[in-house]
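The chains referred to below are lettered A, B, ... by the order of the sequence lines, with proteins before strands, and numbering in each begins at 1.
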2 protein chains.
Amino acid sequence: MPVKKAKTLKPTSDAVEILHRRSYEGKPARLKNLEDARANDEIARKIHEMRTAAALTQTQLAKLIGTTASVICRLEDADYEGHSLAMLRRVAGALNQRVEIRFIPIRRSA
Amino acid sequence: MPVKKAKTLKPTSDAVEILHRRSYEGKPARLKNLEDARANDEIARKIHEMRTAAALTQTQLAKLIGTTASVICRLEDADYEGHSLAMLRRVAGALNQRVEIRFIPIRRSA
DNA sequence: CAGTCTATTCGCAATATTGCGAAAATGCAA
DNA sequence: TTGCATTTTCGCAATATTGCGAATAGACTG
């Protein structure tokens, strides 16, 4: 079990939220960034989950998609924000998955 | 518009890659590219659909996310491959939507 | 303890995406 | 047709992501 940064290893909400509140206190425009951070965390976690479920090391997965372990590590970092569809697809493809993108309407409660 | 480039696969010399091949038997890489192309086309179409549904011109949407019309046009180009999560989120956010990413197992017909 | 495998971080080059203006093409209505 | 808004394409600079080695840290076993 990989111990990631102590920061976001546990429940998604707390750590990220606190960090962001400290940085962008009281800015509604930054609220969206909070959601993005959480989404990125989920992606990182999912990649890690899929890789370990396939019983692959970072180095092994890296070779499958033609890159190095450090790149995989970066993808599994909850704080990484540079996810591209191309990279997600490469990872997903190596793990026999496909990436589905959906746009979902946000309803804001008054 | 950028021309699609074929990715150069590295030579196979590992047991891991053999595993990979086993999981990919009967499914050449170019087939996956076709799926990606279609997925990109869907994204482009969806952005166009959401923008027009919101009764916005490319210029108007561009201003909402702090860029120019040519960028929006590029996003709505079915052949565009450079989609990043960050950009998709900017567009989605301006249209009151959120981007959902899902990894879905590929099911082969036995 | 040493040794091995794995994961993480850092630094920089290579590559890709974005920013943005301008021009050309398209569409539509008078 | 003209006129006007909109879309599309082009070119290049600015920015961001990826590629990759090397060093460090962590975990596990003998």
Spacing of [X] atom [atom1] relative to [N] atom [atom2], expressed in whole Å:
X	N	atom1	atom2	result
B/Q60	D/dA5	CD	P	12 Å
B/I72	D/dT8	CD1	C1'	13 Å
B/L75	C/dG19	CG	C1'	12 Å
A/L61	C/dT8	CG	P	13 Å

If you check every side-chain atom of B/Q58, which of C/dT8, D/dT8, D/dG19 has the closest atom?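 Among C/dT8, D/dT8, D/dG19, the one nearest the side chain of B/Q58 is D/dT8.
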Output the single nucleotide from C/dT8, D/dT7, C/dT6 whose closest atom is nearest the side chain of A/A69.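 Per side-chain heavy atoms of A/A69, the pick is C/dT8.
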Who are the side-chain contact (heavy atoms from CB on, under 4.5 Å) partners of [X], not counting sequence neighbours?
X	value
A/S84	A/A86, A/M87
B/T52	B/H48
A/A62	A/T67, A/I72
A/A39	B/R89

Using side chain to side chain donor-acceptor pair (under 3.5 Å) as the criterion, list what pairs up with B/E42, not counting sequence neighbours.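 Partners of B/E42 under the side chain to side chain donor-acceptor pair (under 3.5 Å) test: none.
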Listed by chain and number, what are the side chain to side chain donor-acceptor pair (under 3.5 Å) partners of B/R38, not counting sequence neighbours?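 If we apply the side chain to side chain donor-acceptor pair (under 3.5 Å) test to B/R38, skipping adjacent residues, there are no hits.
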Name the pairs: protein N/O against N/O of nucleotides 14-17 of chain D, kept only if under 3.5 Å.
residue : atom : partner : partner atom : Å
D/dT17  : O3'  : A/G82   : O            : 3.4

Does A/R51 have a side-chain nitrogen or oxygen under 4.0 Å from the phosphate oxygens OP1 or OP2 of C/dA7?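 Yes, A/R51 has a side-chain N/O under 4.0 Å of OP1/OP2 on C/dA7.
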Nearest heavy-atom neighbours spanning B/A94 and B/I65: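 What the structure gives for the nearest pair is CB-CG2, 3.5 Å.
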Counting only pairs under 3.5 Å, give me each side-chain donor-acceptor contact of residues 95-102 of chain B, with atom names and distances, residues two or more places apart or in other chains.
residue : atom : partner : partner atom : Å
B/E100  : OE1  : B/R102  : NE           : 3.4
B/R102  : NE   : A/E100  : OE1          : 3.4
B/R102  : NH2  : A/E100  : OE1          : 3.1

Short heteroatom pairs, N/O only, protein and nucleotides 20-27 of chain C, under 3.5 Å:
residue : atom : partner : partner atom : Å
C/dG21  : O6   : B/S70   : OG           : 3.1

